[in-house]
Amino acid sequence: MDYQVIIPAAGSGKRMGAGRNKLFIEVTGKPVILHTLDVFASDLYCKKIILAVQPNDENHFKDILAGHPGNGKIDFVYGGHERQHSVYNGLKAASGEIILVHDGARPFIRQHTISRLVQSAHDNGAAIAAVPVKDTIKRADQNQVVETVDRLGLWQIQTPQAFRLPILIRAHEQAIEQDYLGTDEASLVEKVGLPVMIIESDYDNIKLTTPEDLYFAEAILAKRKNLG
Ligand SMILES: Nc1ccn([C@@H]2O[C@H](COP(=O)(O)OP(=O)(O)OP(=O)(O)O)[C@@H](O)[C@H]2O)c(=O)n1
Ligand SMILES: C[C@](O)(CO)[C@H](O)COP(=O)(O)O
């Protein structure tokens, strides 16, 4: 089933502390963003990649994307102050039935997850990648525990997040009307009162956020290379 994907890539990477867009950092000799785009470039059902970038990063993105197999289906839009604004700007360039949103900072997404997300979004309206929480989760106030959250039914949410396009547009427009800022697209759809389905993903679909994640990234790619 055909779909389009918005890739928010306009962040500043403060927690990575690289002093530049972390998507330009190379892992096994290749910029993070190229790892992320590979799976969508090779997926014939992916009809458009909408890349949200900062204006001052645009030329560098175009330089490193020259010759990439996905280049022919990439549309550039400018990102916004928050991730949500970047995604909203991407929505203005989107069309078709199914839209995915996938962090540029998650380079290890697999095709099998994308396919299941697209089908579930078609069937149910919204579907998100996630893995079951493995650690005990507690809420604290001033570093003192106030609550242990029941782990049963807790999921660690990832991207891609997949939607029927009109649902995501409506959710973003309501968020603007209500001045609501969420940390993922699904939270906006939940506020509209529509169902969001979980699709179990892989624990190595990590988001490269802090420097330690770069070590994990090298290990993930080494493991995948060994598996062939
Ligand atoms: N205004 C923003 C903020 C983030 N992103 C993108 O959203 C994804 C997930 O965001 P995050 O990992 O938080 O990236 P940064 O915002 O760059 O990181 P930090 O919060 O540490 O600055 C990244 O691919 C990032 O480029 C974006 O397109 N526009
Ligand atoms: C969308 C997301 O990746 C789901 O886990 C996460 O919420 C992004 O958070 P960030 O702080 O914008 O990286």
Side-chain angles (χ1 to χ4, degrees), residues 5-25 27 31-40 49-58 60-61 64-65 74-94 99-109 113-114 117 126-135 137 154-163 168 171-172 175-176 180-191 196-214 216-217:
V5 60
I6 297 168
I7 306 280
S12 54
K14 290 186 291 292
R15 289 169 288 179
M16 186 61 79
R20 62 182 171 140
N21 191 324
K22 63 186 177 183
L23 305 186
F24 297 145
I25 295 173
V27 177
V32 167
I33 189 62
L34 296 190
H35 288 288
T36 303
L37 292 175
D38 281 348
V39 69
F40 297 105
I49 299 169
I50 301 164
L51 196 58
V53 303
Q54 293 180 33
N56 58 358
D57 282 342
E58 182 178 9
H60 191 56
F61 271 114
I64 60 178
L65 283 165
I74 294 177
D75 279 9
F76 284 86
V77 299
Y78 289 143
H81 185 261
E82 300 293 338
R83 181 185 175 283
Q84 185 171 309
H85 303 143
S86 299
V87 172
Y88 184 66
N89 290 347
L91 276 175
K92 298 170 188 173
I99 186 71
L100 270 60
V101 180
H102 181 59
D103 295 323
R106 288 185 188 270
F108 305 124
I109 183 59
T113 303
I114 293 169
L117 283 161
I128 60 178
V131 290
V133 166
K134 294 190 281 190
D135 299 320
I137 305 293
L154 273 193
W155 292 79
Q156 188 174 328
I157 303 306
Q158 305 173 342
T159 68
Q161 301 193 356
F163 309 87
L168 189 58
H172 268 266
I176 293 167
Y180 173 75
L181 199 59
T183 56
D184 71 344
E185 275 55 57
S187 59
L188 312 186
V189 174
E190 293 155 39
K191 282 184 81 71
V196 175
M197 308 307 291
I198 293 262
I199 296 293
E200 187 159 355
S201 177
D202 300 295
Y203 281 105
D204 64 5
N205 180 30
I206 63 171
K207 182 164 67 71
L208 305 188
T209 308
T210 57
E212 300 78 10
D213 295 325
L214 297 176
F216 305 146

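Order of appearance sets the numbers: ligands from 1, and atoms from 1 within every ligand. Computation of the quantities below employed the complete heavy-atom set of this structure, encompassing side-chain atoms and omitting hydrogens, waters and symmetry-equivalent molecules.
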Within the 4.0 Å heavy-atom shell around [X], which atoms of ligand 1 are there?
X	answer
G13	15 (P), 17 (O), 18 (O), 21 (O), 22 (O)
H81	1 (N)
G104	24 (O)
A105	24 (O)
S86	1 (N), 2 (C), 27 (C), 28 (O), 29 (N)

(message) Whether K134 engages the ring of Y203 as a cation-pi pair (distance to the six-membered ring centre under 6.0 angstrom, angle to the ring normal within 45°) should be assessed.
(response) yes

Which protein non-hydrogen atom lies closest to [atom], naming both residue and atom, and how far is it?
atom	answer
atom 10 (P) of ligand 2	R15 NH2, 3.7 Å
atom 16 (O) of ligand 1	G11 CA, 3.9 Å
atom 28 (O) of ligand 1	A10 N, 2.9 Å
atom 7 (O) of ligand 2	T183 O, 2.8 Å
atom 2 (C) of ligand 2	D103 OD2, 3.8 Å
atom 22 (O) of ligand 1	K14 N, 2.7 Å
atom 8 (C) of ligand 1	D103 OD1, 3.6 Å
atom 13 (O) of ligand 2	K207 NZ, 2.6 Å
atom 12 (O) of ligand 2	R83 CD, 3.5 Å

Determine whether a donor-acceptor pair (N or O, by modelled atom type, separation under 3.5 Å) exists between the side chain of [X] and the backbone of [Y].
X	Y	answer
D57	Q54	no
S86	A10	no
N21	L23	yes

Regarding [atom]: of the candidates [options], which has the closest heavy atom?
atom	options	result
atom 5 (O) of ligand 2	D184, I206, I157	I157
atom 1 (N) of ligand 1	G90, G80, P8	G80
atom 13 (O) of ligand 1	M16, R83, R15	R15

(request) Give a yes/no on ligand 1: does G79 have at least one heavy atom closer than 4.0 angstrom to it? (result) no

(request) Decide whether the shortest distance between a heavy atom of K22 and an atom of ligand 1 is less than 4.0 Å. (result) yes

(message) Just so I know, are the side chains of L65 and F76 near enough to count as touching, which here means a heavy-atom distance under 4.5 Å?
(response) yes

(message) Is there a side-chain contact between T36 and D103 in this structure, where contact means two heavy atoms from C-beta onward sitting under 4.5 Å apart?
(response) no

(request) From the options I49, V77, I50, T159, select the one residue that forms a side chain to side chain contact (heavy atoms under 4.5 Å, CB included) with I6. (result) I50

(message) I99 and side chain to side chain contact (heavy atoms under 4.5 Å, CB included): which single residue from V5, L168, V87 fits?
(response) L168

(message) Side chains of Y78 and E58 only: does a donor on one sit below 3.5 Å from an acceptor on the other?
(response) yes

(request) State whether a side-chain donor-acceptor pair under 3.5 Å links D184 with Q161. (result) yes

(request) Could you check Q158, R106, Q156 and say which one makes a side chain to side chain donor-acceptor pair (under 3.5 Å) with S201? (result) Q158

(request) Give me the ring orientation class for F24 and H60: parallel if the planes are under 30° apart, tilted from 30 to 60°, perpendicular past 60°. (result) perpendicular

(request) Run the salt-bridge test on R15 and E212 with the 4.0 Å N-O cut-off and return the result as yes or no. (result) no

(message) How long is the straight-line distance from CG of D38 back to CD1 of I109, given to the nearest 0.5 Å?
(response) 13.0 Å

(message) For the 3.5 Å polar cut-off, considering only N or O atoms, please tell me whether N21 and ligand 1 meet it.
(response) no

(request) Using distance alone, determine whether A52 and ligand 1 share an N or O pair under 3.5 Å. (result) no

(message) Check contact between E185 and ligand 2, using heavy atoms of the residue and a distance below 4.0 angstrom.
(response) no

(message) Give the atom numbers and elements of ligand 2 that come within less than 4.0 Å of a heavy atom of T159.
(response) 1 (C), 3 (O)

